[in-house]
Every structure is written in structure tokens, then in C-alpha cells.
Amino acid sequence: MNNRTATYSFVIGATLLFFLASIVLVTSTFFLLGIPVTAVSFWLSVLAALVCLLAMTATFVSGRRPTWLVALLAGLAIVVGGSWYISANTFDLSFDGQTYHQEAIILLTNGWNPVHDAPILKPPGKPIEEMDNKEILSAFHLWINHYAKGPWMLDAVMYKVTKQIEVGKIFNLLLMAASFFLSLAALRTAFPAKKGLAVVLAILAACNPVVVSQATSFYIDGQLGSLVLIICALGYLLLKRYHTWTMLALCSALMLLAQIKFTALVYAVLLGGALLVLFFFCDRQKRWKTVLAWLAASLVITVVVVGYNPYVTNTLAKGHPFYPLAGKGAVDIMTSNSPHDFKDINSLSKLGISLFAQSENIATPKETTLKWPFTFSEQELKVFLAPDVRVAGFGPWFGGAVLLAFLIVLALLFGRERRKALPLLVASIILLITVLINPESWWARYVPQLWLIPLLVTLAGWDAQAALTRYGSRILLAVMLVNMLLVGSAHMLGQRSINAMAEQQLQEIKASNKTMIVDFRHFNANRIRLQEAGIPYIEQKVAEGQEVKGIISSRAIYYLQ
């Protein structure tokens, strides 16, 4: 790498990536060997990350290595320490986070081995076949047994080490940091003279609204967005200058991506395939066979070892690797989660409506409301308290940003600088393909990579000779920045308020010196929050009554006695 900022950023970002990949690889290998979640995975991964840090420093740094090591360790300490503090001092108050995500983490931490142990039993009630679209959403045993488990492995290992379940959210922040550093390394390598622009674009790319709004929750789509950005950055660095460390980091990112959710495995295959095609046509040294060998080995390890549960076990037990969302007996989780006006229209129409509608967290029977671009209301911003805003989930100005990006692309295609802009436009097309293959691309959290396309367009038109294109790119950058600040500030202020309410409620219950009689109503993970707060409770069915209160941001109810 040709400058210190790029080298420093690459080494820090890759070290964080290797740390996470080591935890998932070691834990999944232990599962195959019949060993449940253990703190050994954490300490082995810390050791592996430090060895990688030393080796990369020896490889990429030619002089003053002790100084570099101190600077790198200090940077990592700041990132890890800050992420730890934020995650440990916030509650995940989301629906999915308080239900099946934390429940899966608790089960894994307590010794459940998804490879060798029996599946989690469904609670008594209707069989899956008789549930309607709304009832199926609370069939949490389905998701725990059959969904990908990469993020849960990370969280469970951290819970095992710290004895604090909320610290597991640290991995959202670590991946966000890694995506910033690796995208900064790519941008500084590509545009060494544009220091300020590289920093701004790296911040914007890493602070994707989906990533930011899920940073303090156990939702996993933000990790998906961070990993796609990491793969794009590493793919560029690999094409620019092939190196084994870059290839190893890329394979680690692809492995982590494929363990997040079913669609993420498809994204990983598409992005890996696109990189292989680019190497075949663009690499003068014809190293595409080497890249193919790395990617093939990575795919085998990803699916057969790390992803044995769910991809192999689902195929063997249910006939499809993506069960229960595909194959025989597949369940529908989208009908009851979608606005009513999305019924019976194609996926492209849904995406178009969502981009240019008012930001809302609505589902059937409610319908979307179209609005003028570059407008927003206080009510729109308030919905970004949630980690999974459905309609216009990238922010109130993102639709306007898409329009600007489209106009800039037209100007570039019909201008004199098509060839110069072509690499960035090709990258945009690859990302757009990964968006459009998802039939539910209207929901921002399912396609967080869409956020990156206007940023690539901004970069493509930044130095255009045509003044209109050049200034248009600067306006687009400003629009994306304002949109990010609107979403980020609204989410952080909302989370700060609701977390304060949750903390106050716990303090009041504890100060009462009474026993809490609680009915968790699917929000069973709240028992860990009560235990960590030192609050005695008895779990039993509770009928609605005058003395009954609700636990903040959940459906659980309780009274004191």
C-alpha cells in the first residue's frame, strides 16, 4: 500500500475482521466436535488476531515497527473499548432482539449444541401448518433451530466471557469500525490526493442508516451491510494489488457474511462470483485461477464446516438449505409484515414506492404515503427509533438522493468520461443486482448495500469535466450526509430516551424490595435483564388488571407483591 493511512487502516480493519472470523470458525468447529460454546473460543481468537496483527505489520511496515505496533494497538484499544462501553450501557429494546435473538444466545451460552443436540421443541399450541401469517411470527423455535447462527455464536461467546448479555452487541460496532477502516484504506489507495473526501465517504459508507439504527440491538442486518462494504473495499484492494493477506481477509468477510442469514449466503456467492469475473477480464497477470481456488475453499468451509447448521442440517432434515423460508412446508413471514398496498404488485414496484414514500414502520392493513423528495416531518424522524423501519427505511431524503444519482449516471453515460467512470458504475451495477434479486428489496434492512450506490455515483462524477455533473456530485454527497445525520440523530435521541425509561423502571422495581410476578409473553429474554439487575421474580401467567404494568418496550406484564 502506498501511504501510511491506507496501511494503518487496512491492518486495523483486517485485525478486527480476523478476530470475529476466528470466533465463528473455532466455535462452529467445536460444535462439530461436540463441544458447546466456551470462553476458549474467545481467547484463541484474541491470540489469532494478535498473531495476524504482528504478521501484517511485518509484511506491510518496513521501518519503525515498534512505533507502528504501539499506534495499532492504541487504535484497536480505542475501538474495542468504546464499542464495549456503548454496548454494555445500552439495552436492546427491539421486538426481535428481546425474543428469538437473545433467546438463541442464551440457549447457546447455556450449552445447547445445534449440531449434536435435539432441536428446540415448539411450545404447546397450534402446529405450524395451522398458524396464520401473524401467528407464525411468534414461532420462535423455527428461527432458532433453522436460521444461520453466525451472529449468535459471536454474542454467545461474548456472553460466556463477560456474563453480561448486552455486551454481545459489541460486534455490530466492531464491524462498523472495520468497514470504516477498510473502506478508508481502499479510498486512500484509489485517490491518494483526496484525503478529506476519502474520510467523509468512508464515514458515510460505514454509517449506513441500517447499520446505525441496529448498532445497539441484536438485529443482524447492520452486520450484513458492514460486511458487504468490507467485501467491496477488499475486492478493490485485491484487484489493485493482489496480496495473500487481502485475499484471506476477503474470504473471512465472505464467510462471516454467509453466516448472517439465508439471503446473505446468496449475496456472498454473487459478490465472490463478480470478483472472479473481474479478475478473469481485468487482471493482467491472470491470477483468476488462484482467486477461484481461494473462493472455492472458502465456500466449502463456509457451508460444510461453519454453516453445517443450518445449511447441511436443513437440507438433510427438511430438504432445503433455506428452510423454513423455502422448500416444502415453507412459511410466509412477509404478508403480515408488508403494507397493504404491496399486495399483488411486483418487487420493483414495491422498491420504487418505498424509496419515494414517507418513512413509516407500518404493515397491513395500513398503506404507504407518497411524498415529495427532499421533504421530511418530525413524525418521519421519530420512526427511526426502531431498528427495522419498513417503508423508506434509508431515511427521508434517500429517495431524492436516488433521483440525483440517476441524473448523474445519465450525464456520465452520455458525456465524454464514460471510460473513466466505468469501474465505479460497474461496481454500482453489481450491487444493484444483489438488491434486485431480493423479492423484498423494499425493506431497507434486507438490502443495506443499496446505500452504497449513490456514494459510488458521487465518486464517479466528482472530477467530471462537465460542471453540472461535478456540482451535482457534491450536492449528492451533501444530501447523503444530511440524510445520515437526520436518521442517526433521531435514532440516538430516541434510544437515549427509551433506555433511560427502562433503566428508571428497573431501579424503581429494585427499590421497592418486592418480588416481581411477571408474565413474559414471548419476551423471555427479559429474565436475564432482571437477573443482572438483581431483581427477584416469579414467572407465571398474569391476567390484565388494574395493578398490572408493562415492561418498557415489550409485551411482558407484571405486578409487585
Side-chain angles (χ1 to χ4, degrees), residues 94-97 172 176 204-226 228-229 260-261 263-264 267 333-334 336-342 347-364 366-371 373-403 405 431-432 434-436 438-455 479-480 482-495:
S94 66
F95 183 95
D96 288 4
N172 296 336
M176 186 192 301
L204 268 172
C207 293
N208 184 322
V210 175
V211 176
V212 170
S213 63
Q214 295 189 4
T216 56
S217 78
F218 286 102
Y219 272 71
I220 56 179
D221 312 280
Q223 292 188 23
L224 190 157
S226 294
V228 170
L229 173 57
I260 289 179
K261 59 196 315 180
T263 50
Y267 295 157
I333 63 170
M334 291 309 302
S336 58
N337 267 315
S338 305
H340 183 68
D341 51 324
F342 282 4
S347 59
L348 197 59
S349 298
K350 294 178 189 177
L351 174 60
I353 293 171
S354 183
L355 286 173
F356 300 106
Q358 180 177 303
S359 295
E360 293 180 289
N361 213 358
I362 59 170
T364 190
K366 295 183 179 179
E367 298 190 350
T368 57
T369 304
L370 293 176
K371 66 162 194 173
F374 305 114
T375 61
F376 69 90
S377 65
E378 182 181 353
Q379 188 59 37
E380 270 190 285
L381 296 182
K382 284 181 178 179
V383 302
F384 286 99
L385 163 67
D388 58 349
V389 176
R390 287 169 171 79
V391 181
F394 285 107
W397 277 19
F398 187 69
V402 170
L403 282 177
L431 287 174
L432 185 60
T434 68
V435 170
L436 296 180
N438 191 323
E440 308 299 340
S441 58
W442 61 272
W443 199 339
R445 75 182 182 97
Y446 288 160
V447 288
Q449 65 269 33
L450 180 58
W451 173 256
L452 302 177
I453 295 176
L455 296 177
V479 168
M480 294 287 283
V482 170
N483 186 80
M484 182 199 76
L485 292 173
L486 287 172
V487 173
S489 59
H491 179 74
M492 286 188 285
L493 289 171
Q495 284 295 319

Check your understanding: Does the side-chain contact (heavy atoms from CB on, under 4.5 Å) test come out yes or no for Phe384 and Val212, once each step is laid out?
Key -> CA-CA 10 Å; Phe384 286 99; Val212 170; over 6 Å; no
Check your understanding: After noting the C-alpha distance and the side-chain angles of Asn337 and Trp443, does the key distance pass the side-chain contact (heavy atoms from CB on, under 4.5 Å) rule?
Key -> CA-CA 10 Å; Asn337 267 315; Trp443 199 339; 3.9 Å; yes
Exercise for review: Evaluate the criterion side-chain contact (heavy atoms from CB on, under 4.5 Å) for residue pair Tyr446 and Thr263; output intermediate values, then yes/no.
Suggested key: CA-CA 8 Å; Tyr446 288 160; Thr263 50; over 6 Å; no
Practice item. Quick one: do Asp388 and Asn361 satisfy side-chain contact (heavy atoms from CB on, under 4.5 Å)? Show the steps, please. Key: CA-CA 8 Å; Asp388 58 349; Asn361 213 358; 3.5 Å; yes
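Asp221 and Gln214 share a side-chain donor-acceptor pair at under 3.5 Å. Residues Gln449 and Trp451 bring no donor and acceptor atom of their side chains to less than 3.5 Å of each other.
To the nearest 0.5 Å, atom CG of residue Leu493 and atom CG of residue Leu381 are 10.0 Å apart. Here CG of Leu351 is found 10.0 Å from CG of Asn438. Values are rounded to the nearest 0.5 Å. The structure places OG of Ser347 at 7.0 Å from NZ of Lys350, a figure rounded to the nearest 0.5 Å. In this structure, Thr216 OG1 and His491 NE2 are separated by 4.5 Å, a value rounded to the nearest 0.5 Å. Atom CE of residue Met484 and atom CG of residue Leu204 lie 5.0 Å apart, to the nearest 0.5 angstrom. Here the straight-line distance linking atom CG of Leu485 with atom CH2 of Trp397 works out to 10.5 Å at 0.5 Å rounding.
No side-chain heavy atom of Ile353 sits less than 4.5 Å from a side-chain heavy atom of Trp442. Within the 4.5 Å cutoff, the side chain of Leu229 has no heavy atoms near those of the Val211 side chain. Side-chain contact between Thr368 and Gln358 is absent, with no heavy-atom pair separated by less than 4.5 Å. Residues Arg445 and Pro387 form no side-chain contact, since every pair of their non-hydrogen atoms from C-beta on lies 4.5 Å or further apart. In this structure, Pro454 and Phe398 have side chains that are in contact, with non-hydrogen atoms separated by less than 4.5 Å. Residues Val447 and Thr434 fail the side-chain proximity criterion, which asks for heavy atoms closer than 4.5 Å. When side chains are defined from C-beta on, Pro396 counts as touching Asn483, because their heavy atoms get closer than 4.5 Å.
Side-chain atoms of His340 do not come within 3.5 Å of backbone N or O of Lys366 as any donor-acceptor pair. Between the Ser338 side chain and the Met334 main chain, a donor and an acceptor come within less than 3.5 Å of each other. Within the 3.5 Å criterion, the main-chain N or O of Met492 finds no donor-acceptor partner in the side chain of Gln495. Here the side chain of Ser359 pairs a donor or acceptor atom with the backbone of Ala392 at under 3.5 angstrom. Judged purely by atom type and a 3.5 angstrom limit, Glu360 has no side-chain atom pairing as donor or acceptor with the backbone of Val391.
Minimum heavy-atom separation, Ser489 to Leu486: OG-O, 3.2 Å. When all heavy atoms are compared, the tightest approach of Met176 to Ala206 is CG-O, 3.6 Å. Between Asn208 and Pro448, the shortest heavy-atom contact is ND2-O, 2.7 Å. Residues Ser217 and Ser94 share a closest heavy-atom pair of CB-OG, 4.3 Å.
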